[in-house]
2 protein chains.
Amino acid sequence: MEADESKRDRTPTLADVARQAKVSTATVSRCLNSPDQVVEKTRTKVLEAVRKLGYAPNFNARALAAKRTNTIGAIIPTMENAIFARGLQAFQEELGRNGTTLLVASSSYQSGLEEEQIRTLVSRGADALLLIGYHRDPEIYEFLRRQGVPVVIAWVFDPKAKFPTVGFDNFSAMKALANKVIRLGHRRIGVITGATQDNDRSTERLRGIRSAMTDAGIPEETLSIAETTYGIAEGGIALEHLMSQPSRPSVVMCGNDVLAVGAIAKAKELGIDIPRDLSVTGFDDLEISKISSPSLTTVHVPHRRMGKEAARMLINMVSKKEGQDKILIETSLEMRESLAEYSE
Amino acid sequence: MEADESKRDRTPTLADVARQAKVSTATVSRCLNSPDQVVEKTRTKVLEAVRKLGYAPNFNARALAAKRTNTIGAIIPTMENAIFARGLQAFQEELGRNGTTLLVASSSYQSGLEEEQIRTLVSRGADALLLIGYHRDPEIYEFLRRQGVPVVIAWVFDPKAKFPTVGFDNFSAMKALANKVIRLGHRRIGVITGATQDNDRSTERLRGIRSAMTDAGIPEETLSIAETTYGIAEGGIALEHLMSQPSRPSVVMCGNDVLAVGAIAKAKELGIDIPRDLSVTGFDDLEISKISSPSLTTVHVPHRRMGKEAARMLINMVSKKEGQDKILIETSLEMRESLAEYSE
DNA sequence: TTGTACGCGTTATCAA
DNA sequence: TTGATAACGCGTACAA
């Protein structure tokens, strides 16, 4: 029983299994990849040898020979907070159902890093890529095209975009919320946004607010903006900044829920009552927005559905099946306690 | 300029670069891997060809030939909440400083899935692995040993463990908190814990509470336990369950902060005032525990330091350098508003 | 149904 | 310092 192991102390290869089962390596390979091409009897013999030797195929060799990895890569801006977690989870689940594994990388919101990650994932043989947002150096898109790697863009939606997309309309979603805010009587609006450079989601959301103000005849100059990196603490600092300005806003609209709960916490600390003294809104409808106190008015984004659809689209593209290449995910307003009517 | 591309429309290889630069593939390879072994003049010539062709090395082929990937894998139980995010971020940063890339997989707290992920990462050529907790089928440890893949275990600490470890003592940390709780006069203790099966962290934490009770002469039977999966909503449901029992606890100790903030939110909903009617404690000291209202008393875990030390240890092991193989990370009590003295 | 033999894109050894 | 050339482990025509 132990005798065979004495040969060497390295990890077994296809050839080892073939020797053990007294067949050719080709047969072993077929047993593993297309079992129905090999007759029952040899198959069991081979599988027995596989089990006995504890053989596991070498992924790299396989990828090299087959030019396919059954792997899809995703690059998200951050793993530090929950913004992308839910959508990515659903994305992964759907891939799993298809026997595809997910490789995740995070770019820390830095486009330079993102390009590096893209090249890394491609050189690792990812069959396709999920990317967040359109904004990207044209050169990298050209690189992907030349490499023949299918890409789906998520978390944004532009019907005219050249790339397959599964996402929502950041502009309209935020504009709808801003319209609501204005209808409630607010005129002095403050904004806490994530960095807008290289980030079309935050840029579009901000544009949505501006557009709603213009429509309502509120001069754009009255908008006070604090730009910061995403984070709870950062949201708090930004709020403090906004509230220390001469003309205090009556509402602070945040680029996402993480910033918003940070703002709410800081407001409490400063003795500002929400929503009596100040209204606050978020974006995303993460779980924390429900348990925040007061609970957070926000834009609900069906992240799980977005992740699932994106996975399906990519799977289709890899197997060159036809299908939609643009899916719009509808968002909705989630009215909770943190936004109230403005009354002087 | 364009002429060379007409040859083929596939991604350029070493050989293409070699042809273009009129050198051998070996030289090109050396230019990329050990540039000082090749003379300045040829090097610039080669790099020029690389740039012109947009050459990117094929990772799989490289791994196959070099038997090394400069990649370390990590398998964490979940990406859905922040429990592991902070530590993993620091882990990745430290790896990056060493030119090592991180491959993450999540097991959804299922040991079967985790084994699969381990095999996947190994077959992908991960040079080493970071795993959470000791509890694991001996067979998988044997597999790892035979494959010669170094492993570091984190988030736990047992001085007698056979494996290199960077972590904290879940038992003692939770016991310290329980001692504090008891010293404040609490006798009827409720617990909301994550699943204890296959999870040594939650098991140890629970054992810590039991031990503190025993030390204080509180009968173990008075402990009421709700076991659930980690999640904000789940924490709420568990709290409701505990509070609907005949003998209501005066304090609910939660297995982590996520469960705790869920419990707090639900308590509010039920009109239970915290900490007047009920005290609540957490574990981890995530960012939400500070902004929770009332703020959450919890155990502070220096996640970032743990991640960083784990990375260093693994890097050392891969390069076969000597070094510590057991690092204890100290935790501390973080007293905040949600835990108060018990007074009938 | 099974086996032979070549190719995948690198790295590494050994000569030159 | 550079160039041939043999691995690396697997998939897959093609032949048997």
Side-chain angles (χ1 to χ4, degrees), chain A residues 7-8 10-47 49-50 53-71 119-120 122-127 147-148, chain B residues 7-8 10-47 49-50 53-71 119 122-125 127 147-148:
Chain A
K7 281 179 190 168
R8 291 231 200 81
R10 54 163 177 64
T11 88
T13 71
L14 251 201
D16 296 327
V17 177
R19 218 170 297 128
Q20 171 85 25
K22 302 190 196 311
V23 296
S24 76
T25 60
T27 302
V28 179
S29 174
R30 277 187 289 254
C31 273
L32 270 33
N33 298 310
S34 35
D36 26 69
Q37 278 187 42
V38 46
V39 78
E40 167 81 29
K41 194 177 167 187
T42 26
R43 195 174 21 182
T44 54
K45 193 170 57 177
V46 168
L47 293 181
V50 166
L53 266 46
Y55 167 78
N58 179 311
F59 177 88
N60 299 109
R62 174 177 273 186
L64 193 55
K67 293 178 168 302
R68 191 149 191 287
T69 58
N70 291 316
T71 295
R119 290 183 200 277
T120 301
V122 168
S123 84
R124 274 178 179 278
D127 294 334
Q147 298 275 336
Chain B
K7 280 178 191 169
R8 291 229 200 82
R10 55 164 175 63
T11 88
T13 72
L14 253 202
D16 295 328
V17 178
R19 217 169 298 129
Q20 171 86 25
K22 302 191 196 311
V23 295
S24 75
T25 60
T27 302
V28 179
S29 176
R30 276 187 292 255
C31 274
L32 270 32
N33 299 310
S34 34
D36 26 68
Q37 278 187 42
V38 46
V39 80
E40 166 80 30
K41 194 175 167 190
T42 28
R43 195 174 20 182
T44 54
K45 192 171 58 177
V46 168
L47 292 181
V50 165
L53 265 46
Y55 166 78
N58 180 312
F59 177 88
N60 297 111
R62 174 175 274 185
L64 190 57
K67 295 175 168 305
R68 194 152 189 289
T69 59
N70 291 317
T71 295
R119 290 181 201 278
V122 169
S123 85
R124 274 176 179 277
D127 295 333
Q147 299 273 336

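All chains are named by letter (A, B, ...) in the order of the sequence lines, taking the proteins before the strands, and each is independently numbered beginning at 1. Keep in mind it's a predicted model, so treat the numbers as computed, not measured.
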Counting the atoms with a prime plus P, OP1 and OP2 as sugar-phosphate, which does B/Tyr55 contact under 4.0 Å by heavy atoms, base, sugar-phosphate, or nothing? sugar-phosphate
Can you check the B/Leu53 CG to C/dG9 C1' distance for me, whole Å? 15 Å
Under 4.0 Å between a side-chain N/O of B/Ser29 and OP1 or OP2 of C/dA12, yes or no? no
So, for A/Asp16 and A/Thr11, which heavy atoms are closest and what is the spacing to 0.1 Å? OD2-O, 4.3 Å
Just the rounded figure in Å: distance from C1' of C/dT2 to CD of A/Gln37. 11 Å
From NZ of A/Lys41 over to P of C/dT2, roughly how many Å is that when rounded to an integer? 10 Å
Which is true for B/Asn60 with a 4.0 Å heavy-atom rule: it touches a base, it touches only sugar-phosphate, or it touches nothing? nothing
Is any side-chain nitrogen or oxygen of A/Lys67 closer than 4.0 Å to OP1 or OP2 of C/dG9? yes
Residue A/Asn58, side-chain heavy atoms: nucleotide from D/dT2, C/dT2, D/dG9 that is nearest: D/dG9
Between D/dG11 (P) and A/Asn33 (CG): distance, integer Å: 5 Å
Select one nucleotide: of C/dT2, D/dC10, C/dT10, the one nearest the side-chain heavy atoms of A/Arg62. D/dC10
Applying side chain to side chain contact (heavy atoms under 4.5 Å, CB included) between B/Val28 and each of B/Thr13, B/Val46, B/Asn33, report the one that passes. B/Val46
Select base, sugar-phosphate, or nothing to describe what A/Leu14 touches, counting heavy atoms under 4.0 Å on all strands. sugar-phosphate
Nearest-Å distance for atom pair CG/P, residues B/Leu64 and D/dA6: 17 Å
Let me know the distance between CZ of B/Arg68 and C1' of C/dG9, rounded to the nearest Å. 20 Å
Which pair of non-hydrogen atoms, one from B/Asn58 and one from A/Leu64, has the smallest distance, and what is that distance? ND2-CD1, 4.2 Å
Hey, could you give me the CD/NZ distance between A/Gln20 and A/Lys22, rounded to the nearest 0.5 Å? 7.5 Å
Distances under 3.5 Å between nitrogen or oxygen atoms of protein and nucleotides 3-6 of chain C:
| residue | atom | partner | partner atom | Å |
| --- | --- | --- | --- | --- |
| C/dG3 | OP2 | A/Ser24 | N | 3.0 |
| C/dG3 | OP2 | A/Ser24 | OG | 3.3 |
| C/dG3 | OP2 | A/Thr27 | OG1 | 2.6 |
| C/dG3 | N7 | A/Arg30 | NH2 | 2.8 |
| C/dG3 | O6 | A/Arg30 | NH1 | 3.1 |

By nearest nucleotide on DNA chain D, pick out whichever of A/Pro57 and B/Asp36 is the more 5' one. B/Asp36
Please lay out, stage by stage, how B/Arg124 and A/Thr71 fare under the test side-chain hydrogen bond (donor to acceptor under 3.5 Å, both in side chains). CA-CA 11 Å; B/Arg124 274 176 179 277; A/Thr71 295; 2.4 Å; yes
Using modelled atom types and a 3.5 Å cut-off, is there a donor and acceptor pairing between side-chain atoms of A/Asp127 and backbone atoms of A/Thr69? yes
Interatomic spacing from CZ in A/Arg30 to OG in A/Ser24 - rounded to 0.5 Å: 6.0 Å
I need the CG-C1' distance between B/Asn70 and C/dT11, as an integer number of Å. 13 Å
From CZ of B/Arg124 across to C1' of D/dG9 the rounded distance in Å is 16 Å
